[in-house]
Structures are given as structure tokens and as C-alpha cells.
Amino acid sequence: MLSAITKRFIPSLPVLSRSMSVAGSPFKLALVQLAVTADKEKNLKHARAKVLEASKNGANIVVLPECFNSPYGTNFFPDYAETIPEGTSTKALASMAKDANVYLFGGSIPEKEEATGKIFNTLTVYDPSGSLIATHRKVHLFDIDIPGGIRFQESDILSAGSWLTHVDTSYGKIGAGICYDIRFPEMAMIAARKGCIAMIYPGAFNTTTGPMHWELLQRARAVDNQMYVAACSPARDESAAYHAWGHSTIVGPNGDVKATCEESEAIIYAEIDPQDIINRRKHIPIYSQRRFDVYEDVAESVEEGNNGHVSLKQDKVNEL
Ligand SMILES: O=C(O)CCC(=O)C(=O)O
């Protein structure tokens with residue numbers, strides 16, 4: 001064992017990074033690329049039918065898209081916003097998970113926080129008994145302006161979340177983000193280094209940034225971290241103001257596309273096997289070749305707390 005001082009004075013010797021634990025068991029993942037309308041009740045009923053269908057086809061974990069209960073657009077969020085867990089969407093999702101006997105990553109909904117009146121873009125996650133086991137509020141708001149392409153300012157209406165989310169399931173730990181969150185590699189890297197086997201992103205890219213980056217970002221997050229990555233979009237509705245890209249996709253730990261689709265409504269499936277992560281990390285051992293004597297381990301700045309929430313350590317908060 002090298003002492004810290006020895007390591008410091010022999011910089012060419014790599015510092016073996018902290019152990020890589022991958023705990024999990026195989027499962028079938030389903031992404032529901034749902035056709036979303038302006039009718040919330042209809043969306044909830046339709047989501048229920050699709051979640052039950054995925055379960056009938058053997059899925060153990062089912063994912064719904066970003067903003068699955070409302071059209072995507074800042075003008076819609078205040079009208080569709082609900083409190084969690086009292087709102088009708090949360091209740092509907094809990095009973096879907098229970099009746100389908102699956103873990104459900106219930107896409108996202110506009111969430112109204114009672115105490116402040118703030119609105120968030122929020123994912124809720126349920127276990128097969130229908131219990132709410134985690135919530136993730138979109139951390140990075142989608143504010144972009146591409147001349148001739150798309151301008152979108154979520155921050156006009158939404159507030160940003162302030163924690164990362166790692167969900168404990170009986171198949172292993174899974175990190176969660178929402179759409180634009182995928183552009184921030186730290187989230188996936190922290191999840192991988194904290195033992196998550198996959199990142200799941202309900203998302204709704206568009207016809208400008210979708211063809212440029214949707215698959216690329218998923219494959220990048222997967223190959224960087226040698227983990228599974230899945231992104232679940234709504235189906236495209238040409239009559240809506242926002243044209244979702246669709247192309248829900250599941251990527252393996254080698255950056256390989258395991259399942260994908262076009263823009264219409266679909267359910268895609270893939271077998272997730274944590275052993276594949278172990279194999280990739282053994283064959284190309286970047287995971288354990290990190291040089292934490294040259295740069296910092298970003299995962300060391302955060303700690304996992306209750307309800308899947310992951311937050312900056314208190315001493316780091318004090319430094320801000
Ligand atoms: O990052 C992008 O290009 C799209 C992001 C997005 O649509 C969203 O965050 O809802």
C-alpha cells in the first residue's frame with residue numbers, strides 16, 4: 001500500500017480509484033413512448049393501459065416520458081400542476097405500479113409545491129406495492145436559444161430541483177434525471193461511482209436538438225460510465241406546439257444501442273444485466289484507472305440521504 005506522501009512524489013504511479021461495486025440482478029426494462037394529449041384524464045388512463053401491457057410482456061421496471069400528463073410547454077405547466085403525493089396523477093401512478101406489479105418511473109409531471117407556490121418538473125418513482133419511493137425534480141432547467149431552431153425557457157415558469165436521485169430497487173440502484181439533465185455528465189458519473197447500474201431519463205427532446213444529440217448523449221453517458229442509460233420520450237404529435245423527437249432508447253454499458261424506435265407511440269424493451277457492466281469494466285478498466293491524485297472524484301462531494309436524495313456534503317455547502 002502506498003502512503004499518501006509516496007503517491008504525491010511519484011506522480012507517474014496511478015492511484016487506484018475507490019472500489020467499484022456493482023450490485024444488482026438482471027431485469028427487463030420497458031420504456032413507454034406514450035402518445036400524450038391535452039386531456040389529463042385521458043393521458044392517465046392511456047398510461048395505465050400501456051404500463052399494464054408492458055408488465056404483461058414481462059417488464060420489471062417501466063418508464064413513462066417527461067410531462068406525460070400534459071402537453072409540453074411553459075404555458076401548460078401552471079394549469080396541469082399538482083401537489084405530490086396528493087394529486088390525481090400521483091395516485092394514478094401508484095395504482096398503476098401496484099396493479100402491474102412493477103417498479104414505475106412515472107415520467108414527469110408539473111408539480112406545485114403547496115408552501116411556496118413554486119412549480120417543478122418532477123419524476124415520481126414507485127415500487128411494485130405502489131409506494132412512492134423517490135422524487136426527482138429536474139435539476140437543470142431547459143433554457144436554450146438556437147437561432148432558426150428552437151427557443152425554450154423553462155425557467156420562466158419552473159423552479160429547479162436541488163438534489164440528485166438514486167433509487168434503490170430490488171434489481172439494483174438506479175440514477176434518475178429528467179431530459180436536459182442528461183447534458184450534465186457529472187450526474188451520471190456520480191451515480192455510477194455511487195454504485196448505480198443505470199441512469200433513467202424521462203425526456204422530451206425536439207426535432208432540432210433530437211437528431212443532433214439525443215442518442216449521442218445517451219451513448220456518451222453510457223460509455224463514459226460503463227453503465228446502462230435509458231431515455232423515454234413522448235410520441236410526436238404534429239398538431240402540438242412542441243414536436244417531441246421520440247426515439248426512446250436503451251443503451252448498454254459498451255455504448256451499444258439495445259433498443260430504440262421512431263417517433264410514433266411504442267413500447268421498447270431490453271434485458272438489463274449488471275454482469276455486463278462488470279465485464280465491460282474488467283475488459284476496459286477505465287473505472288479503476290482514474291487518477292484521483294491528478295483531479296478530484298466528483299462523487300466524493302455528495303452524500304446519499306433518505307428517499308433516494310443525494311446532496312452536496314455540508315462542508316461543501318459551507319464553502320459556497
Ligand atoms: O437538451 C435538449 O436539447 C432538450 C431538452 C428538453 O427538451 C428538456 O429538458 O425538456
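In what follows, every heavy atom counts, from backbone to side chain, and hydrogens, waters and symmetry copies are set aside. Whatever order the structure lists ligands and atoms in, that order sets their numbers, starting from 1.
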Which atom names give the shortest non-hydrogen contact between D224 and I286, and what distance separates them? O-CD1, 3.8 Å
Whether the T83 and E111 side chains hold a donor-acceptor pair (N or O, under 3.5 Å, no angle test) is what I'd like checked. no
Can you tell me which portion of F152 lies within the under-4.0 Å heavy-atom range of ligand 1? Options are side chain, backbone, both, or neither. neither
How are the rings of Y72 and F142 set to each other: parallel, tilted or perpendicular (split at 30° and 60°)? parallel
Near Y242 (heavy-atom distance under 4.0 Å), the atoms of ligand 1 are 7 (O)
Just need the protein heavy atom nearest to atom 6 (C) of ligand 1, so name the residue and atom and give the distance. C179 SG, 3.0 Å
Centroid-to-centroid, Y180 to H140, below 6.0 Å? no
Ligand 1 to K138, heavy atom cutoff 4.0 Å, flagged ligand atoms 8 (C), 9 (O), 10 (O)
For atom 10 (O) of ligand 1, what's the nearest protein heavy atom and its distance? Y72 OH, 2.6 Å
Can you sort out which atoms of ligand 1 are near E66, meaning under 4.0 Å from one of its heavy atoms? 8 (C), 10 (O)
Using a 4.0 Å cutoff against the non-hydrogen atoms of A204, which atoms of ligand 1 qualify? 6 (C), 7 (O)
Is a donor from one side chain sitting under 3.5 angstrom from an acceptor on the other, for N57 and Y269? yes
Charged N to carboxylate O below 4.0 Å: is that the case for E300 and R193? no
Within a distance under 4.0 Å of any heavy atom of T209, pick out the atoms of ligand 1 and give their elements. 2 (C), 3 (O), 4 (C)
Would you say the ring centroid of F77 lies under 6.0 angstrom from that of F120? no
Give the residue and atom name of whichever protein heavy atom lies nearest to atom 1 (O) of ligand 1, and the separation in Å to one decimal. R183 NE, 2.7 Å
